Amino acid sequence: MEFTIGIGSPFSLEYTLESGQAFRWQNKGGWWYGIVSGGVLKVKQEGDTLRCVSSSDLIDSAFVRRYFRLDVELEKVLSSIMKDDTIALAVQKFYGLRLIRQERWECLASFLLATNSNIPRIKKMVQAVCARFGEPLQFEGTEYRAFPKPEVLAEATVSDLRACGLGYRAPFLKHVAASVEEGRVDFSELSLLDYEEAREALVEELRGEKLLLGVGPKVADCVLLYSFDKDEAFPIDIWIARQVVRSYPKLLDPGMILKLAPKRRVKIGRGDYDRISSIVRSYFGPYAGYAQQYLFMLARSGGS
DNA sequence: GTCCAACCTGTATC
DNA sequence: AGATACAGGTTGG
């Protein structure tokens, strides 16, 4: 199925797909290829139109608009987070970067794998899991693999998962897949909660046992921001922590600065995570997550 | 509540 | 060359 979409609001497909929020998009010959909703989609931006070709009728213009959140008036979001020169620079540098709306299960599983790793490796892990366990999809004479369903990963053996290069994350993935498959986590219910409640629910313990092993505050924030429309979520990783210390020392107390000082290996404990999170969320407001995404890009591009 | 070592593995750096 | 550090954190003590 082929179609084009008029954008009519700032959008940069490239910044959006290169900002580390999704791990499976690939640029080949000027087109971006992704696997979404059980099909293949290729997209190319030409000015303010989006040319799309998809393998399935389910992936239509409404789906693509929804996936890239083209309904969001980015200008309004940006003006609401423009609190200072640093964020203004980031916004100017990566103008058109948007948060996308990913599929929830894939998003949860992907960011579970992202712990203590780096983007190239995360991509490799996700790719390996899809290659080994995903349903094959044909598109333009090439085979692609869907992201495997929870029930498939729940029944995989830990050693087969380990063989995908997951390391200690292998048992976590199996456990989380089982929790989702057995309905111990219900995405629709979660989506009805507000941000704070949903985050609690994701990292929660039930009768002394963790519901989602491997899901801490950082992973929970990523999942809520990228697949649950919780725009105030502000995932804090090592890059963001350093950028906040660098550009917003006044927001933090001296003890915190010392603890996160560059050079030292930064390890953010649960208490510090929550403190920093609450400070930056009240500073940037309801769209703090957008600020986080722009600051993340700024940090990775060398910062300022 | 807090701190801390341990955790898989790929890649960079010395 | 072989060791060490570090990466989009989390767990269990």
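Proteins come first, then strands; the chains are lettered A, B, ... in the order of their sequence lines, and each starts at number 1. Keep in mind that what you see is a predicted model, and the values were worked out from it rather than measured.
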### Query
Angle class for the A:Trp25/A:Phe68 ring planes (parallel below 30°, perpendicular above 60°, tilted otherwise)?
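Tilted, since the angle between the ring planes falls between 30° and 60°.
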### Query
Taking the inter-plane angle between the rings of A:Phe234 and A:Phe284 on a 0 to 90° scale, is it parallel (under 30°), tilted (30 to 60°) or perpendicular (over 60°)?
parallel
### Summary
In DNA chain B, stems of three or more consecutive pairs, Watson-Crick or G-U, each with both distances under 3.5 Å, turn out to be B:3-7 with C:9-13, B:9-14 with C:2-7
Counting only side-chain nitrogens and oxygens, does [X] get under 4.0 Å of the OP1 or OP2 atom of [N]?
X: A:Lys124; N: B:dT11; answer: yes
X: A:Lys218; N: C:dT10; answer: no
X: A:Arg121; N: B:dT11; answer: no

How is [X] classified with respect to the nucleic acid when contacts are heavy atoms under 4.0 Å: base, sugar-phosphate, or nothing?
X: A:Pro217; answer: sugar-phosphate
X: A:Phe296; answer: base
X: A:Gly269; answer: nothing
X: A:Arg270; answer: nothing
X: A:Gln293; answer: nothing
X: A:Gln243; answer: nothing
X: A:Ser19; answer: base

Provide the distance between the two [atom1] atoms, one in [N] and one in [M], to the nearest whole Å.
N: C:dG8; M: B:dC4; atom1: P; result: 23 Å
N: C:dG13; M: B:dC8; atom1: P; result: 15 Å
N: C:dT4; M: B:dA6; atom1: P; result: 15 Å
N: C:dA5; M: B:dA5; atom1: P; result: 13 Å

Can you identify which nucleotide, out of [options], has its nearest atom closest to the [X] side chain?
X: A:Arg242; options: C:dG8, C:dT10, C:dA7; answer: C:dA7
X: A:Thr115; options: C:dG8, C:dT11, C:dT10; answer: C:dT10
X: A:Leu213; options: C:dG8, B:dC8, C:dT11; answer: C:dT11

Separation of [N] [atom2] from [X] [atom1] (nearest whole Å):
X: A:Leu173; N: C:dG9; atom1: CG; atom2: P; answer: 18 Å
X: A:Leu166; N: B:dT9; atom1: CG; atom2: P; answer: 9 Å
X: A:Gln292; N: C:dG8; atom1: CD; atom2: P; answer: 13 Å
X: A:Leu161; N: B:dT9; atom1: CG; atom2: C1'; answer: 15 Å
X: A:Ile268; N: B:dC4; atom1: CD1; atom2: P; answer: 15 Å
X: A:Met125; N: B:dT11; atom1: CE; atom2: P; answer: 12 Å
X: A:Tyr273; N: B:dC3; atom1: OH; atom2: C1'; answer: 19 Å
X: A:Ile122; N: C:dG9; atom1: CD1; atom2: P; answer: 8 Å

### Query
Between A:Lys44 and A:Glu14, is there a salt bridge with N-O shorter than 4.0 Å?
no
#### Entry: Side-chain ion pair, A:Arg199 and A:Asp274, N-O less than 4.0 Å
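A salt bridge links A:Arg199 with A:Asp274.
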### Nearest-nucleotide 5' precedence on DNA chain C, A:Lys210 against A:Pro235
A:Pro235
### Query
So with a 6.0 Å cut-off around CD of A:Glu155, is the heavy-atom count from everything else above 12?
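Counting other residues, nucleotides and ligands, CD of A:Glu155 exceeds 12 neighbours.
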### Task
Mark yes when over 12 heavy atoms from residues, nucleotides or ligands other than A:Lys149 sit less than 6.0 Å from its NZ; otherwise mark no.
no
### Task
Answer with yes or no after comparing the ring centroid distance for A:Phe228 and A:Tyr195 against a 6.0 Å cut-off, counting only values under it.
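Ring-ring flag for A:Phe228/A:Tyr195: false, centres at least 6.0 Å apart.
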### Task
Just do the ring pair (Phe, Tyr, Trp, His ring centres under 6.0 Å) check on A:Phe147 and A:Phe133 with the steps written out, would you?
CA-CA 8 Å; A:Phe147 194 90; A:Phe133 298 101; over 10 Å; no
### Query
Which one of A:Gln21, A:Gln293, A:Arg104, A:Glu103 satisfies the side-chain hydrogen bond (donor to acceptor under 3.5 Å, both in side chains) criterion with A:Tyr226?
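Per the side-chain hydrogen bond (donor to acceptor under 3.5 Å, both in side chains) rule, the option paired with A:Tyr226 is A:Gln293, out of A:Gln21, A:Gln293, A:Arg104, A:Glu103.
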